[in-house]
Amino acid sequence: MKKLKSRHILGMAHLEPEEITFILDTAESLKEILQRPIKKVPPLRGRTIVHLFFEPSTRTKLSFELAAKRLSADTVSISKGTSSVVKGETLIDTAKNIEAMKPDIIVMRHSMTGAPHLLAKHIDSAVINAGDGINEHPSQALLDLFSVREHFGRIKGLNLTIVGDIAHSRVAHSDIMAFSKMGANVTVCGPATMMPPDIESLGCRTVFDLKEALKDADIVMALRIQKERQGMALFPSEREYAQVFGLNSSIFSLLKKDCVVMHPGPINRGVEMSPEVADSNRSIILDQVTNGVAVRMALFTLLLADSREE
Ligand code: NCD
């Protein structure tokens, strides 16, 4: 494979398994650059990448920006508070004005589902979805796949259990599709109030009992409760949530010997995951963060590859 089929990266729903493998292989070859003392190579010199973040972000924004800089692209960042959106400009107008300055890629995070898809329809630059509402977060799913493949040497046949706020988590939606497309068995677990009734159609099974869901897992991924997206309280208290669905040291006796723990961040320590679990030698959470830069370098490289057909 020499190119991705689409000009944009909008969601795992649109990527085929061969394209996913192609992205992971590219990221693997680029990761070595991040270990060098001088972490910069020239392939995207003269290219411009705009980061449009309309929602808070630490990891994802920094990761995209570093990825662009490692490849020598020029980068510019705009956040909601400093954009003309606060003056009443529409998203499309903002995008068209940015486009008029000829960027090559726009990376966008937005609280509205479908915002990057809308952008992609109206502008010529490539668009990468860095998280749209509760819908998708494809680059997170790709770095999760990368981290699992790096650790286990494969993805196919592994059992992934995702625990938490499945309904409001774009990471869960992208990961369910990503891991099931690559042949893993995905189980989701969480309070019934945070479980969409049709979630199994994305390629997973639902188990409400945490002990049952953790049995046989090779990977356990905890998710943050997305309080900012919930219209009302979906569980009695954080303490009760932590008691029923929180991952604490009592789960260690239930897990397979080589089971690893993941989290997309930011962690609410003591709610979905206790410090003993987050900082244990089973945790690959910080590897996920490191790998995020390599995966995003791969996305930029592949979207701007000269061999890609228009
Ligand atoms: C997630 C997000 O913003 O969707 N974080 C991330 O990008 N690493 C998860 C979250 O906010 O809980």
Side-chain angles (χ1 to χ4, degrees), residues 9-13 27 51-68 77 79-80 107-117 127-148 160 162-179 188-191 194-196 199 202 219-230 234-235 238 241-242 245-247 261-274 277-278 283-297 299:
I9 303 287
L10 297 175
M12 295 312 297
H51 297 94
L52 217 50
F53 274 66
F54 290 126
E55 253 195 11
S57 174
T58 308
R59 263 156 298 269
T60 306
K61 187 159 179 279
L62 189 58
S63 181
F64 270 114
E65 287 185 12
L66 281 179
S77 260
S79 55
K80 186 178 179 180
V107 178
M108 184 197 226
R109 168 169 286 195
H110 201 284
S111 57
M112 194 179 78
T113 287
H117 307 66
V127 176
I128 300 181
N129 178 4
D132 63 324
I134 60 169
N135 183 39
E136 278 231 44
H137 191 353
S139 63
Q140 179 69 41
L142 290 163
L143 75 87
D144 289 341
L145 286 173
F146 185 95
S147 304
V148 166
L160 164 68
I162 306 177
V163 184
D165 183 359
I166 308 297
H168 303 92
S169 170
R170 53 195 175 208
V171 176
H173 300 150
S174 288
D175 268 330
I176 295 167
M177 287 185 265
F179 279 85
V188 293
C189 176
M194 296 180 195
M195 194 63 78
I199 193 73
L202 293 185
I219 310 133
V220 181
M221 182 187 296
L223 300 172
R224 189 175 64 84
I225 310 269
Q226 309 275 307
K227 276 187 277 190
E228 71 277 24
R229 299 191 209 292
Q230 299 171 357
L234 296 177
F235 56 96
E238 286 191 351
Y241 180 86
F245 291 104
L247 304 182
V261 176
M262 300 174 76
H263 194 304
I267 304 176
N268 277 317
R269 285 178 178 248
V271 183
E272 70 267 10
M273 189 178 271
S274 71
V277 175
S283 165
I284 58 165
I285 294 170
L286 293 177
D287 298 334
Q288 291 174 261
V289 179
T290 304
N291 293 334
V293 180
V295 164
R296 288 160 179 138
M297 284 166 78
L299 294 179

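In each ligand, atom 1 is the first atom listed, and ligand 1 is the first ligand listed.
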(message) Using side-chain heavy atoms (C-beta onward) and a distance below 4.5 Å, is Ser169 in contact with Met194?
(response) no
(message) Measuring from atom NE2 of His168 to atom NE2 of His173, what distance do you get when rounded to the nearest 0.5 angstrom?
(response) 9.0 Å
(message) Can you tell me how far apart CG (Leu247) and CE (Met273) are? Round to the nearest 0.5 Å.
(response) 5.0 Å
(request) Give the intermediate values and the outcome of side chain to side chain contact (heavy atoms under 4.5 Å, CB included) for residues Met195 and Val188. (result) CA-CA 9 Å; Met195 194 63 78; Val188 293; 3.8 Å; yes
(message) How far is atom 8 (N) of ligand 1 from the closest protein heavy atom, and which atom is that?
(response) Pro264 O, 2.9 Å
(message) So is Arg109 touching ligand 1 or not, going by heavy atoms under 4.0 Å?
(response) yes
(message) If you measure every N or O of Val171 against every N or O of ligand 1, does any of those distances drop under 3.5 Å?
(response) no
(request) Consider ligand 1: state whether an atom of it lies below 4.0 angstrom from any non-hydrogen atom of Gly131. (result) no
(message) When you measure from the heavy atoms of Pro266 to every atom of ligand 1, does any distance fall below 4.0 Å?
(response) yes
(message) Between Arg109 (side chain only) and Asn129 (backbone N and O only), is there a donor and an acceptor less than 3.5 Å apart?
(response) no
(message) Tell me whether Asn291 contacts the main-chain N or O of Ala294 through its side chain, where contact means a donor paired with an acceptor under 3.5 Å.
(response) no
(message) With heavy-atom distances below 4.0 Å as the criterion, list the atoms of ligand 1 near Thr60.
(response) 6 (C), 7 (O), 8 (N)
(message) Suppose we measure from atom 9 (C) of ligand 1 to each protein heavy atom; which comes out shortest, and what is that distance?
(response) Gly265 O, 3.3 Å
(request) Could you tell me which non-hydrogen atom of Ser147 sits nearest to which non-hydrogen atom of Met262, and how far apart they are? (result) CB-CE, 4.2 Å
(message) Using a 4.0 Å cut-off to any heavy atom of Arg224, which atoms of ligand 1 qualify?
(response) 10 (C), 11 (O), 12 (O)
(request) Return the option from Arg170, Arg59, His137 holding the heavy atom at the smallest distance from atom 7 (O) of ligand 1. (result) His137
